[in-house]
Amino acid sequence: MRKAVFGGFIKIIIITLAVSALVFSYFWTKYSLKQTEEEMQYCLNMMDYILDYSEDLQTQAENINPLILGKQSRITIIDSEGRVVADTAPEIDYDENHMDRDEIKSAFKTGAGISVRKSDTLGRELLYCALASENGDYVLRLALPYSGKAAFFNALFLSVVISVLLAIVVAYVIARHISYSITKPLSEISEELLKVKDGDEKLRFKSCKYDEINNIAEATETLTGRIDKSIERLKAEKSKVEYILDNMSDGIIFIDGKGSVININKAAGDMLGSVRPSGENIAMYTHNIKILNGTADAVEKGEDSIFDIKTENKKTASVHIKSISREAEAAASILLIDVTGARENEKMRQEFFSNASHELKTPLTSIQGYSELLTGNISFSEEQKKTFLERIKKESKNMASLINDILMISRLENGEIAEIKTEIKLKAMLEDILAAEEPNIKALNLTVTTECDDIVVYAEYKYYYQLLGNLISNAVKYNVENGSIDIKIYKNKGLNIVVSDTGIGIPPKSRGRVFERFYRVDKGRCKKIGGTGLGLAIVKHIVGYYNGDISLKSKENKGTTVTVRI
């Protein structure tokens, strides 16, 4: 800018000086010519005064001529007829009539005349000045060599050039100073603006002698302050958005029209197994062909898509890819929702209904078979009929028990229960359960030891009965002859129930699944000893309902210990 201002000053000054020189030369030349004319008029008046028109005019003219304007001057005296009566020019033709000369005609008419033309006698341009004599009927004419206005310009050239050069030097110094005084404040403003480009410092402008620049500085300070406030607001909003996005359990990704990631939150990065910052193509974050194809369709065709994928952390995610309006910065969004639990629950429900159907099919088939035998045309003895009816009764009881267990698990899972809390004496409940299991205990000749404090809990009786009853029932069913069962119920940072047996134990591969519905370790023996396969599943759901936890330790052919803490 300084060069531009300085160059502009110099150009303006040179043009101004050139125009001034031309105008001055023109008017000075005109003035000089007028001065010359006036001097010639004065000389002619002096000559008219000096001449004696009764004497020899030629001799007088030759004597006066060198005294007038130098040897280059020429004096001519013309009578009223236009004849030359005296002339200082050599080889003058006195017979030539001068009445047609402009200056002569003007002199006779007005008393004076001026003209410029080439002299036929001398062969060069002359300035003629004529004056009518006051002392006789003559016209006196004085001629001087005249080279035109160029002669005056040539005389002025050197002085004009020197003047212009001096003026340019002075103008250069002044222009340099002025341009510096203008550009320095602007440079300071620029430097201050560069200091605050990262928002680390505040603007501090120095005052200068130019009000306009001071106004610019003040306006810049005001505008910068507003911009800083806007940036702070944007940063705060961005921080909020980033905080919200990074703390979302769902993954979110925004894609631009070129397929590059504008923003990706932490959850999405974890699901895709990528720690890259935003700014690269979506293919750099995942190689999942479904996501890549879905993104391309959303960006290029505006088509949405929904599908499931397996994430890098071995979970299931539902991917929702949606096209966004072309007017927005983002062209598509990708939402990744962790649906592992939902898909597992759905799978469990499918398995549950499949297993429930299978478990119900067996007693129903048995009941249907015995019913057909009884209602058929085959004759059976009373003893056989009684046996069939006993089997139908047993299978009906098993089916009712299975249905009740299924309904209990369903209610516990959905929270659709109307709990009626009462005071429960656990020692009395334990005695009731052992009394009910006494036939089975005697059948296997089991030794049962109990250690139960006088503990009273306020809860739903049937849930605690189911919990304790299923644990003891399993310890009896899966025990061995002449085995033992140890039951402990005590309080220590909550209620603790520990049931240990010396039964067949659980293989390592099955220990993590024994709490699943309908899962049986030894299907052959389980079928033989009966049961719905829902006992431990019900126990787990009841413990979960009361915000407790359950653990299991087991060794094959050594026994199993189940610990419940509520």
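What you see is a predicted model, and the numbers here were worked out from it, not measured in a lab.
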TODO: Identify the two heavy atoms, one from Thr316 and one from Thr340, that lie closest to each other, and give their separation to 0.1 Å.
DONE: N-OG1, 2.9 Å
Task: Audit row: Thr502, Asn479, side-chain hydrogen bond (donor to acceptor under 3.5 Å, both in side chains) steps and yes/no - done: CA-CA 6 Å; Thr502 57; Asn479 217 317; 3.2 Å; yes
Task: Check: Thr450 and Leu434 side chains under 4.5 Å, non-hydrogen atoms - done: yes
TODO: Could you walk me through whether Val319 and Ile321 pass the side chain to side chain contact (heavy atoms under 4.5 Å, CB included) test, one step at a time?
DONE: CA-CA 6 Å; Val319 182; Ile321 301 178; 3.8 Å; yes
- [ ] Look up atom CD1 in Ile424 and atom CD in Glu460, then write down how far apart they are to the nearest 0.5 Å.
- [x] 7.5 Å
Task: Side-chain touch Ile291/Ile309, heavy atoms, less than 4.5 angstrom - done: yes
Open item on the list: Within this structure, what is the CG-OG distance for the pair Asn440 and Ser473, rounded to the nearest 0.5 Å?
Closed with: 7.5 Å
Task: Any donor-acceptor N/O pair, Tyr285 side chain to Pro277 backbone, under 3.5 Å - done: yes
Task: Validation row: Leu335, Lys322 side chains within 4.5 angstrom (heavy atoms) - done: no
TODO: Find the distance between CD1 (Ile334) and OG1 (Thr286) and round it off to the nearest 0.5 Å.
DONE: 8.5 Å
Task: Atom of Leu336, atom of Ala268 and distance for their closest heavy-atom approach - done: CD1-CB, 4.2 Å
Task: Spatial distance of atom OH (Tyr546) from atom CG (Leu495) [nearest 0.5 Å] - done: 11.0 Å
Open item on the list: Using a 3.5 Å distance criterion without hydrogens, assess whether the side chain of Asp297 forms a donor-acceptor pair with backbone atoms of Lys301.
Closed with: no
- [ ] Determine whether Met271 and Asp338 make a side-chain contact, defined as any pair of heavy atoms from C-beta on separated by less than 4.5 Å.
- [x] yes
Open item on the list: Can you give me the closest heavy-atom contact between Asp453 and Tyr490, atom names plus distance?
Closed with: OD2-CB, 3.8 Å
Task: Ser396 (side chain) donor-acceptor with Ile392 (main chain) under 3.5 angstrom - done: yes
- [ ] Compare every heavy atom of Ser323 with every heavy atom of Glu303, then report the nearest pair and how far apart it is.
- [x] N-CB, 4.4 Å
Task: pair Ile566-Val457: side-chain heavy atoms closer than 4.5 Å - done: no
Open item on the list: Pair Lys427, Glu431 - check side chain to side chain contact (heavy atoms under 4.5 Å, CB included), show working.
Closed with: CA-CA 6 Å; Lys427 192 172 184 178; Glu431 292 173 353; 4.2 Å; yes
Open item on the list: Less than 4.5 Å apart, side chain to side chain, heavy atoms only: is that true for Ile506 and Glu556?
Closed with: no
Task: Side chain to side chain, Val498 and Val562, heavy atoms closer than 4.5 Å - done: no
- [ ] Identify whether the distance between the nearest side-chain nitrogen and carboxylate oxygen of Glu390 and Lys386 falls below 4.0 Å.
- [x] no
Open item on the list: If you apply the rule side chain to side chain contact (heavy atoms under 4.5 Å, CB included), what do you find for Thr560 with Ser500, and how did you get there?
Closed with: CA-CA 6 Å; Thr560 302; Ser500 301; over 6 Å; no
TODO: Locate the shortest heavy-atom distance separating Ala332 from Ala298; write the atom from each residue and the value.
DONE: CB-CB, 3.8 Å
Open item on the list: Nearest 0.5 angstrom please: Tyr465 OH to Leu430 CG, how far?
Closed with: 10.5 Å
TODO: Decide yes or no on side chain to side chain contact (heavy atoms under 4.5 Å, CB included) for Ile255 and Val261, but give the supporting numbers first.
DONE: CA-CA 5 Å; Ile255 309 294; Val261 173; 3.8 Å; yes
Task: Spatial distance of atom CD1 (Ile455) from atom CG (Leu426) [nearest 0.5 Å] - done: 6.0 Å
Open item on the list: For Lys442 and Glu438: C-alpha separation, side-chain torsions, deciding distance, then whether salt bridge (Lys or Arg N to Asp or Glu O under 4.0 Å) applies.
Closed with: CA-CA 6 Å; Lys442 286 183 178 180; Glu438 188 174 356; 3.1 Å; yes
Task: N/O donor-acceptor pair under 3.5 Å between Ser333 side chain and Phe254 backbone - done: no
TODO: Answer whether the closest heavy-atom distance between the side chains of Val539 and Ile550 falls below 4.5 Å.
DONE: yes
Task: Smallest separation among heavy atoms of Gly259 and Asn281, with atom names - done: O-ND2, 3.4 Å
- [ ] Please answer whether the main-chain N or O of Asp270 pairs with a side-chain N or O of Ser274 as donor and acceptor at a distance below 3.5 Å.
- [x] no
Task: Any donor-acceptor pair under 3.5 Å from Asn265 side chain to Ile252 backbone - done: yes
